[in-house]
Amino acid sequence: MKNDEIAKILFEIGEYLDLENIPFKPRAYQSAALSLDNLEKDIEDIYREKGLKGVQEIPGVGKSIALKIEEYLKTGKVEYYEELKRKKPIDVKNLTKIEGLGPKRIDFLNKELGIRNVAELREAIEKSKLKELKGFGEKSQKNILESIAFMESSGLRYLISEVAEDVDIILERLKKLKEVKKIEVAGSFRRRKETVGDIDILVASPFSHKIMDEFVSLPGIVRIWGRGETKSSVRMKKGYDIDLRIVMEDSFGSALQYFTGSKEHNVALRRLAISKGYKLNEYGLFKNDLYKAGKKEEDIYEKLGLQYIPPELRENRGEIEAAIKFKLPKLIELKDVRGDFHTHSSFAGTLISMEDIVLRAMQKKYEYIGISDHTKELKIENGLDEKRLALQEKEIRKLNEKYKIKIFHGAEVNILKDGSFDIKNSALKELDFVNIGIHTNFKMNKKDMTERVLKAMSNPYVTCLTHPTGRIVNRRGAFNIDLEKIFKFAKTNNILLEINSSERLDLNDYNIRSAKEKGCKFFINTDTHALKQMDRMKYGVYQARRGWVTKEDVINTLPVREIEKFLKKK
DNA sequence: GCCGTTTTCGGCCCGACTGTTTTCAGTCG
């Protein structure tokens, strides 16, 4: 989609204008960029269908920016942007990533030392030129150099599943202190964003010394960035930072709201507060300087006349408007899930027996469990052919007799390059459910890939399309596919879409929401290849929540009788 | 440059911290 490309250009225009110290325009460009980034529809389609007027309907896009978007769609370039780059050939995008450097200082460094990019900045520091400048010194020079080094060594964001364990340990340790009255994780971790840059932990307490002492002596810390009365930061072994903030109990709710973000949500919320004659900050909600709320987060939303907004929805993607009308969906919860339809057993490629899977499912108090091994094309997974699938059926029947939990027999069938399957319909017919997914030939153009998947979905035995975009967070991007068409087809033909809880997290939050809006239903599955992975269901549920999904949208929340009916219809 | 149940003109979120100053600009979240 051109959306990203244009968003990037608009964002950078904002950064260049920032360098020139122009007020307000930078924000205008950057909010238009954000809005474009969040757009569900393809900007090219919008322009084709509704022209310039349609483009102007995008929030934050007025006449001037719409014209620039049109120019890009027609010529592949925005002259205004090219001119800004010519005038100031500075790599603003990467320079602003360096901590302690913003537009003003970048422009200053360019004027004083002619610095245009990170490499030249590093060179200047190595020659100790920076610290001679007005407003810079030994310390800022050192900090900048460290930030460059860190950026070059990692730069990635972390999956929440990668940091969750550390977070749990820290919370448990700090909770034990009697000085800690309340404690919560805030930031993007609390919003359950798929990846986080750092972790924010918030504590309510009147005494802070002991808490800070404990915090900076936690296991896994490699360095301490700062240590103050109310705020300290540490760098963890894995490479990310944890910030701890201590506030008074009366401000805990407002601080939690503030530090949970997102930034965009907070900006919108504060605007709303102002329009109602309030002032909102991390210390509380005030009217005429009188404290009105702040102890509990819920009170702030209530005083503003809003339904409580769960953290997962706080992205300024319509949640405030919905909360004004008390029309927020009741989001799905982990406890609503009654089974898992994507597990791989040792009958094919993994090390876990079907019985292990069944026992683990019972431990989780599931009502049912689906076993879905790969089919034969996936040699590496020892994929099953028709014969072995029939053998597996016998084993599963035995297990069904032995245990109370209902075991469904399925498969994860490969969608071949031409959209056909690597296994016969006669075998699929015998299964309780059929997942289909792409595991090979990722590199196709959008049209061919879409046709391939649509053809696969037209097979009458298909229950669910697994990991529909093929992406793996931080590792592999989505393949080219027209999701709008896929979602429409899924809705019409009653095919479920998978919310995959593994590091794929596929569908992602945006796609989930757009599928839901088209009336699609989902499976949330773990894609288990090792027993422990059956525990990651929660990450799929988080994504679902971020996609505004309710229990009713997810088929594996149904009681066993109803899900049997659902599957039999296929 | 964008936007509108006080406005088509005049606003645009806000407080803390850092490193540098000697009262504050710039940056961050």
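Proteins come first, then strands; the chains are lettered A, B, ... in the order of their sequence lines, and each starts at number 1. Because only heavy atoms are used, hydrogens play no part in the values below, and waters and symmetry mates are left out as well, while side chains stay in.
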Next item on the list: Determine the contact category for A:Ser31: base if any of its heavy atoms lies under 4.0 Å from a base atom, sugar-phosphate if only primed atoms, P, OP1 or OP2 are that close, otherwise nothing.
Entry: nothing

Next item on the list: Please answer whether B:dC2 and A:Phe24 are stacked, defined here as ring centres separated by less than 5.5 Å and planes angled under 30°.
Entry: no

Margin query: Under 4.0 Å, counting only non-hydrogen atoms across every strand here, what does A:Gln56 touch: a base, just sugar-phosphate, or nothing?
Written below: nothing

Note to self: For a quick test of reading the model: is some side-chain N or O of A:Lys131 closer than 4.0 Å to OP1 or OP2 of B:dT20?
What the structure shows: no

Item checked: Sugar-phosphate, base or nothing in reach of A:Lys134, heavy atoms under 4.0 Å -> nothing

Item checked: Within 6.0 Å of NZ in A:Lys88, more than 12 heavy atoms from elsewhere -> yes

Check: What interatomic distance, in whole Å, is found between P of B:dT21 and the corresponding atom of B:dG26?
Finding: 13 Å

Next item on the list: Quick one: label A:Ile274 by what it contacts on the DNA or RNA (base, sugar-phosphate, nothing), any heavy atom closer than 4.0 Å.
Entry: sugar-phosphate

Check: Parallel under 30°, tilted from 30 to 60°, perpendicular over 60°: which one fits the rings of A:Phe286 and A:Tyr291?
Finding: perpendicular

Margin query: For a quick check of understanding: with a heavy-atom distance under 4.0 Å over all strands, which category does A:Arg27 fall into, base, sugar-phosphate or nothing?
Written below: nothing

Margin query: Protein within reach of the bases, or only the backbone? For nucleotides 24-29 of chain B, mark each nucleotide 5' to 3' as B, S or -, using heavy atoms under 4.0 Å.
Written below: --SSSB

Next item on the list: Give a yes-or-no answer on whether the side chains of A:Asp250 and A:Tyr283 include a donor-acceptor pair shorter than 3.5 Å.
Entry: no

